[in-house]
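Report on the following structure.
Counting begins at 1 with the first residue of the sequence. Whatever order the structure lists ligands and atoms in, that order sets their numbers, starting from 1.
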Amino acid sequence: MREALALAVLPDVKCSPNPRVGCVIVSTSGEIVGRGHHVAAGLPHAEVNAIAAAGELARGSTAVVTLEPCQHTGRTGPCTQALIEAGVSQVIYAQADPTDIAGGGAAELVHAGIAVIGGVLADEAEIINRAWTHVQVTGRPFVSIKTAMSLDGRVAGAGGGPTTITGAAARVWVGQFRSEVDAVLVGANTVSVDNPALTARDNSGALLPNQPLRVVVGGRRLSTDLKIFADVGVGPGIQIREHDPERILKLLLAQKVQQVLIEGGPTLIAAFVEAGLVDEILWFVAPQFLGAGPVAMAPLPRPRAVTVTAVEVIGSDVLIRGALSPAPSD
Ligand code: AOF
Ligand code: ZN
């Protein structure tokens, strides 16, 4: 299964909005005789690629796959059928397919006389497809909020203009994270004050291969000269003239966005927290006192507890990761 998980995250994978899936075919003598992974939506599924690689050696083998094999005909045919036709005698999978259309493959395999074991390293497989799984289960994108604040909780100095808060390592971390999400979101005020590009860049400032959709939300009229609207080879950013967090997420999902990073400002972040639509908190704390200036979040009508999931030192800064604890009324 670890071999299959490693295949699922190979760098050539651009599956979104599909899940990332890896598969190995293991012969009766315990050797891997075929490897395959899902490379992009519309291309063959992992099992089909692994079976093709194994050829005749697939007969009587065990297929080890990171997601329960699908039993539907979508852009490609059902993997259950491919496994049955290849003469595979056992299937071991990690995560159950939570979708209505593709799920239920395990039962079909059992019905065809194939031995099936599910749930092996399921947690690790789910992390690989965290956003996809979240969308299938909740019907909305996975939302991370990120801020960079000083020890006294401020995101800008006196006057509120753009201020350097965190160090270079944190900025590289955020650049990498942007390349892993489908969309980066900011409020209209942040865009007019900070004029951020919001592209995913490496430490030399070069664009990373995967770029998120850049989105500014709010009804305010914005200058078309802002960096977010510049087409840097990955398409220009867009404006969503909407304030309601739930409606914003619906519009994004309609554009196949499964994972969103909200980078500010304080009003937008507070609105998503208050709406209970935040799945991950990424709080960078920089070792300085700014002394004056706006704080990281606009006031909330009630306090909210956070469960810390990790604390990491990134260069000279501290990253606190957490999740919102359920509000008493949620
Ligand atoms: C598998 N193996 O490698 C993948 C699966 O549009 P399609 O036909 O590509 O189907 C996409 C759905 O199939 C996706 O939502 C998920 O439920 C399943 N993906 N299943 O057996 C794979 N990528
Ligand atoms: Zn399939």
Side-chain angles (χ1 to χ4, degrees), residues 1-26 32 34-54 58 61-112 114-122 124-142 180 182 210 252-259:
M1 188 59 79
R2 293 214 181 278
E3 293 273 349
L5 287 165
L7 291 171
V9 296
L10 284 175
D12 66 334
V13 171
K14 283 197 178 64
C15 287
S16 186
N18 268 6
R20 296 186 282 181
V21 184
C23 178
V24 294
I25 305 291
V26 184
I32 294 181
R35 289 182 163 82
H37 64 290
H38 187 46
V39 178
L43 293 183
H45 285 182
E47 299 89 318
V48 171
N49 287 330
I51 289 167
S61 70
T62 295
V64 182
V65 55
T66 58
L67 182 69
E68 177 186 11
C70 70
Q71 46 72 35
H72 82 306
T73 302
R75 280 167 281 221
T76 66
C79 289
T80 45
Q81 206 50 44
L83 291 160
I84 293 164
E85 277 166 19
V88 166
S89 58
Q90 183 174 222
V91 170
I92 299 175
Y93 68 88
Q95 181 183 4
D97 190 316
T99 66
D100 291 336
I101 54 158
E108 196 172 302
L109 293 169
V110 170
H111 188 73
I114 294 176
V116 177
I117 300 170
V120 175
L121 300 183
E124 291 182 38
E126 270 183 55
I127 289 170
I128 291 176
N129 291 310
R130 183 174 69 162
W132 176 81
T133 304
H134 188 269
V135 169
Q136 309 313 320
V137 174
T138 67
R140 65 166 178 83
F142 185 95
E180 292 165 17
D182 300 313
N210 273 332
L252 290 172
L253 189 61
Q255 305 221 23
K256 296 196 163 47
V257 168
Q258 297 185 335
Q259 185 164 5

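Between the side chain of Glu68 and the backbone N or O of Ala106 there is at least one donor-acceptor pair closer than 3.5 Å. Checked by atom type and distance alone, the side chain of His134 pairs as donor or acceptor with a backbone atom of Arg140 at under 3.5 Å. With hydrogens and angles disregarded, no donor-acceptor distance shorter than 3.5 Å links the side chain of Gln136 to the backbone of Thr99. Judged purely by atom type and a 3.5 angstrom limit, His38 has no side-chain atom pairing as donor or acceptor with the backbone of Gly22. In this structure, Arg20 contributes its side chain and Ile128 its backbone to a donor-acceptor pair below 3.5 Å.
A heavy-atom distance below 4.5 Å is not found between the side chains of Val21 and His45. Under the 4.5 Å side-chain criterion, counting only non-hydrogen atoms from C-beta, Thr66 is in contact with Met1. Looking at heavy atoms from C-beta onward, Glu180 lies out of side-chain contact with Gln259 at the 4.5 angstrom threshold. Within the 4.5 Å cutoff, the side chain of Asp182 has no heavy atoms near those of the Pro141 side chain.
Contact annotation: for His38 versus ligand 1, heavy atoms closer than 4.0 Å belong to the side chain alone. Contacts of Cys70 with ligand 1, taken as heavy-atom pairs under 4.0 Å, involve both backbone and side chain. Only the side chain of Thr99 comes within 4.0 Å of ligand 1, counting heavy atoms alone; its backbone N, CA, C and O stay farther away. At a heavy-atom distance under 4.0 Å, only side-chain atoms of Trp132, from C-beta outward, approach ligand 1.
Shown are the protein N/O/S atoms under 2.8 Å from the Zn ion (ligand 2), given by residue and atom: His45 ND1, Cys70 SG, Cys79 SG.
Within the structure, ligand 1 has Pro19 among the residues with a heavy atom less than 4.0 angstrom away. By the 4.0 Å heavy-atom criterion, His37 is excluded from the residues contacting ligand 1.
For Ala46, a nitrogen or oxygen atom sits less than 3.5 Å from a nitrogen or oxygen atom of ligand 1, counting backbone and side chain alike.
Heavy-atom contacts of Glu47 reach the following atoms of ligand 1: 1 (C), 2 (N), 3 (O), 21 (O), 22 (C) (cutoff under 4.0 Å). Every atom of ligand 1 is numbered from 1 in the order shown, and the set under 4.0 Å from a heavy atom of Val21 is 3 (O), 4 (C), 22 (C), 23 (N). Taking a cut-off of under 4.0 Å to the non-hydrogen atoms of Thr76, the atoms of ligand 1 that pass are 8 (O). Shown in contact with Pro69 at under 4.0 Å from a heavy atom are these atoms of ligand 1, numbered in order with element: 21 (O). Every atom of ligand 1 with a heavy atom of Gly74 under 4.0 Å away is listed here by number and element: 8 (O).
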TODO: For side-chain contact (heavy atoms from CB on, under 4.5 Å), just list the numbers for Val48 and Thr76, CA-CA rounded to whole Å, side-chain angles, deciding distance to a tenth of an Å, and then say yes or no.
DONE: CA-CA 10 Å; Val48 171; Thr76 66; over 6 Å; no
TODO: Report the C-alpha separation of Leu109 and Tyr93 in whole Å, then their side-chain angles, then the decisive distance to 0.1 Å, and conclude whether the side-chain contact (heavy atoms from CB on, under 4.5 Å) test is met.
DONE: CA-CA 12 Å; Leu109 293 169; Tyr93 68 88; over 6 Å; no
TODO: Test side-chain contact (heavy atoms from CB on, under 4.5 Å) on Ile117 and Gln90 and set out the steps.
DONE: CA-CA 8 Å; Ile117 300 170; Gln90 183 174 222; 3.8 Å; yes
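Nearest non-hydrogen protein atom to atom 12 (C) of ligand 1 is His72 CE1, 3.7 Å. Protein heavy atom at the shortest distance from atom 11 (C) of ligand 1 is Asn18 OD1, 3.5 Å. In terms of protein heavy-atom proximity, atom 9 (O) of ligand 1 is nearest to His45 NE2, 2.8 Å. Taking atom 16 (C) of ligand 1 as the reference point, the nearest protein heavy-atom neighbour is Asp97 OD2, 3.4 Å. If you check which protein heavy atom lies closest to atom 6 (O) of ligand 1, you get Arg75 NE, 2.8 Å.
Remark: the Thr133 side chain and the Glu126 side chain contain no N/O donor-acceptor pair separated by less than 3.5 Å.
Applying the salt bridge (charged side-chain N to carboxylate O under 4.0 Å, His left out) test to every pair with at least one member in residues 93-103, sequence neighbours left out, gives no pairs at all.
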